[in-house]
Amino acid sequence: MEDNTKPSSYLDDPPNSRLFLVTSKSITEDTIRDHFSTFGEIQDIWVVKDKHTKESKGVAFVKFSKSSQACTAMEEMHGKCLVEGTKPIKVFIAQSRSSGSHRDVEDEELTRIFVMIPKTFTEEDMKETFKDYGDIEYCIIIKNKLTGESKGLGYVRFHKPSQAAMAIENCDKTFRAILAEPRTKTSTTENEYFGNSRSEHMANESGMSGYPFSADNNYTSGDMWNSDMITRCLMVSSRAAITQEQVYSLFDLIPGMDYCEMQRDQYGFSKGQAMIRYNNLGSAVYAKEKLNGFEYPPGNRLVVTYVDDGEDRTSPVGKMAMQLVAAQMMSMVWNGPTGPQLMKTSTGYTPVATSQKPRVQTDVNLPPVKKMAPSDSVVKERLFVIFNPSPLPVDVLEDVFCRFGSLVEVYLVPGRNVGYMKKSLTNVRGHTNIQCRTRDLNDMTCYMTGRT
DNA sequence: CGACGGGACGC
DNA sequence: CGACGGGACGC
């Protein structure tokens with residue numbers, strides 16, 4: 001219901017380009033113009049007067065064409081006397097007309113900008129980039145707290161509002177600089193990925209504190225890499241940068257994972273290795289078999305090895321028995337009479353008879369088919385999917401992705417190997433958390449993208 | 001490799 | 001303490 005067509009709507013455009021002055025009843029529009037026109041193009045001056053008596057209320061609004069002009073005028077003119085003998089004036093950035101608030105806008109809200117930066121940017125790079133616009137108090141890059149990698153977003157705090165405004169107006173548009181929202185307002189723009197719930201989950205289910213390995217153990221010493229060993233614990237190594245969420249998502253495709261943690265050096269940097277533990281041997285064997293040498297992301301070969309978990313692997317006979325069990329299980333998984341679908345039971349995983357014959361066989365444990373959402377549902381989330389070598393048929397994709405609920409539509413970008421799975425509900429999930437490889441070697445790499 | 005359009009901080 | 005007019009509206 002905002003009437004942006006009204007000529008008055010320009011008063012908030014651009015944001016923070018209008019000043020609120022507390023002067024004296026005797027100060028006129030002309031006096032204000034005399035003092036403020038040096039700071040930039042004044043679009044409007046309005047001295048507030050009583051409707052009936054026409055007497056000035058001692059306040060005024062000054063609209064500049066740019067926020068930086070308004071900010072500079074505020075910084076220069078606040079506390080000055082416009083006329084000999086009158087009280088010093090107060091100057092604030094005016095609240096936007098739509099806000100309805102009359103609270104003073106504080107410098108705190110006007111000196112910090114929020115920018116999108118290349119993931120490779122350091123805080124020094126940011127300083128170097130934004131110092132052209134004024135004195136920088138600090139630069140902060142938002143990083144993934146688990147891996148330390150940049151999220152490509154950052155804050156720059158300047159000393160003066162005019163400097164932040166200059167940065168917003170004049171920096172390269174690719175930074176998409178805007179004023180940062182004050183931090184105390186706990187923003188809820190983005191769901192936190194499942195890293196949080198995972199931590200809780202693991203703390204509950206596997207008792208991380210009691211786990212024999214901790215981050216400061218040295219896994220690379222001793223005979224812990226004995227390749228004969230079969231355990232529930234796996235180590236995955238990656239040359240390319242890979243996040244904990246990615247590792248988690250990948251190994252969580254095999255049911256039964258109860259622990260997954262990136263190994264870090266003493267500075268908290270990822271070492272390109274992660275530890276995974278399953279709650280049963282079969283899952284670990286299966287995971288190693290399926291994911292060792294797996295390209296993730298494509299082109300990056302993962303190496304998966306067993307890690308000594310301190311459990312009994314006493315006699316060679318016992319080891320053979322375990323291998324036999326594992327082999328049997330894998331055989332069931334892959335050659336079971338009803339296909340690759342698995343169902344979790346208290347003792348492990350058994351093939352499940354499904355009435356419908358799946359058109360696509362995956363190496364992941366798919367949930368049962370669910371009804372699609374009505375096709376006119378509002379799309380709340382899209383899953384971006386990359387296919388290799390070529391897209392799967394739409395009906396197959398519907399069969400696969402409806403199982404995760406609220407699927408509205410499968411959309412394949414014409415002529416491209418990419419598509420979107422549109423969903424009417426949002427999952428609390430992160431990025432890049434599915435990669436499934438179908439039996440016919442069609443790869444699908446799925447990335448969560450932003451909400452619509 | 002890849003489309004599109006983005007967005008948020010450990011008190 | 002100190003907060004929201006007047007004017008006229010464009011493919």
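Only this structure's heavy atoms are used, side chains among them; waters, hydrogens and symmetry mates stay out. Numbered from 1 within each chain, the chains take letters A, B, ... in sequence-line order.
- No side-chain donor from either of T31(A) and D34(A) sits under 3.5 Å from a side-chain acceptor of the other.
- For DNA chain C, the residues of residues 36-54 of chain A within the heavy-atom distance limit of 4.0 Å (strictly under) are D44(A), I45(A), W46(A), K51(A), sorted by number.
- Ring centers of F130(A) and F175(A): under 6.0 Å apart, within the cut-off.
- Contacts of R157(A) with the nucleic acid, taken as non-hydrogen atoms under 4.0 Å apart, are absent.
- Remark: S17(A) OG to Q69(A) CD distance equals 8.5 Å, nearest 0.5 Å.
- No hydrogens or angles considered: nothing links the side chains of N144(A) and Q244(A) as a donor-acceptor pair under 3.5 Å.
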* To do: Under the side chain to side chain donor-acceptor pair (under 3.5 Å) rule, what do D172(A) and T174(A) come out as? Steps first, then yes or no, please.
  => CA-CA 5 Å; D172(A) 193 295; T174(A) 60; 2.8 Å; yes

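- Between L146(A) atom CG and dG10(B) atom P there is a gap of 12 Å when expressed in whole angstrom units.
- Ion pairing between E123(A) and K127(A) fails under the 4.0 Å rule for side-chain N and carboxylate O.
- To the nearest 0.5 Å, atom OG of residue S65(A) and atom NZ of residue K63(A) are 6.5 Å apart.
- Mapping I140(A) and T174(A) onto DNA chain B via the closest heavy atom, the residue that lands nearer the 5' end is T174(A).
- Among the nucleotides dG5(C), dC11(B), dG2(C), the one closest to the side chain of K25(A) is dG2(C).
- Using a 4.0 Å cut-off on heavy atoms, the residues of residues 79-92 of chain A that approach DNA chain C are K87(A), K90(A), F92(A), listed by number.
- In plain terms, the two heavy atoms of F121(A) and I141(A) that are nearest each other are O-CD1, 3.0 Å.
- K145(A) has a side-chain polar atom (N or O) that falls below the 4.0 Å cut-off from OP1 or OP2 of dG10(B).
- In this structure, the CG atom of N144(A) is 11 Å from the P atom of dC9(B), given to the nearest Å.
- Using a 4.0 Å cut-off between a side-chain N of Lys or Arg and a carboxylate O of Asp or Glu, D399(A) and R403(A) qualify as a salt bridge.
- With contacts defined as side-chain heavy-atom distances shorter than 4.5 Å, the pair I27(A)/V47(A) does not qualify.
- If you check every strand for non-hydrogen atoms under 4.0 Å, V59(A) touches sugar and phosphate atoms only.
- For the pair L412(A) CG and dC4(B) P, the interatomic distance rounds to 14 Å; values are reported in whole Å.
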* Walk me through it: do R277(A) and D258(A) pass the test salt bridge (charged side-chain N to carboxylate O under 4.0 Å, His left out)? => CA-CA 6 Å; R277(A) 190 181 65 189; D258(A) 63 14; 3.2 Å; yes

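- Taking the side chain of H102(A) as heavy atoms from C-beta on, and the options dC4(C), dG2(C), dG5(C), the nearest nucleotide is dC4(C).
- Side-chain to base pairing of R176(A) with dG6(B): one donor and one acceptor N or O lie within less than 3.5 Å of each other.
- Applying the side chain to side chain donor-acceptor pair (under 3.5 Å) rule to S238(A) yields the partners N300(A); only residues at least two apart in sequence or on another chain are considered.
- Residues from residues 107-123 of chain A placing a heavy atom under 4.0 Å of any atom in DNA chain C do not occur.
- Here the closest non-hydrogen pair linking R232(A) and A284(A) is CA-CB, 3.6 Å.
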Identify each donor-acceptor pair in which a side-chain atom of residues 152-169 of chain A lies under 3.5 Å from a protein atom, sequence neighbours left out, and give them as a table.
| residue | atom | partner | partner atom | Å |
| --- | --- | --- | --- | --- |
| R157(A) | NE | Y138(A) | OH | 3.4 |
| R157(A) | NH1 | E108(A) | O | 2.8 |
| R157(A) | NH1 | T111(A) | OG1 | 2.9 |
| R157(A) | NH2 | E108(A) | OE2 | 3.4 |
| S162(A) | OG | E75(A) | OE1 | 2.7 |
| S162(A) | OG | E75(A) | OE2 | 3.2 |
| Q163(A) | OE1 | H159(A) | N | 3.2 |
| Q163(A) | OE1 | K160(A) | N | 2.9 |
| E169(A) | OE1 | S68(A) | OG | 2.7 |
| E169(A) | OE2 | S67(A) | N | 3.3 |
| E169(A) | OE2 | S68(A) | N | 2.8 |
| E169(A) | OE2 | S68(A) | OG | 3.3 |

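- In this structure, I142(A) atom CD1 and dA8(B) atom P are separated by 7 Å, rounded to whole Å.
- Taking 3.5 Å as the limit, the base of dC4(C) and the side chain of R18(A) contain a donor-acceptor pair of atoms between them.
- Surrounding CD of E128(A) are at most 12 heavy atoms belonging to other residues, nucleotides or ligands under 6.0 Å away.
- Here the side chain of K57(A) is nearest to one of dC9(B), dC4(C), dG2(C), namely dC4(C).
- The residue I178(A) sits close to a base: some heavy atom pair falls under 4.0 Å.
- Look at CG on D104(A): it is 13 Å from P on dG2(C), rounded to the nearest Å.
- Annotation: proximity of residues 68-77 of chain A to DNA chain C (heavy atom, distance under 4.0 Å) is found for no residue.
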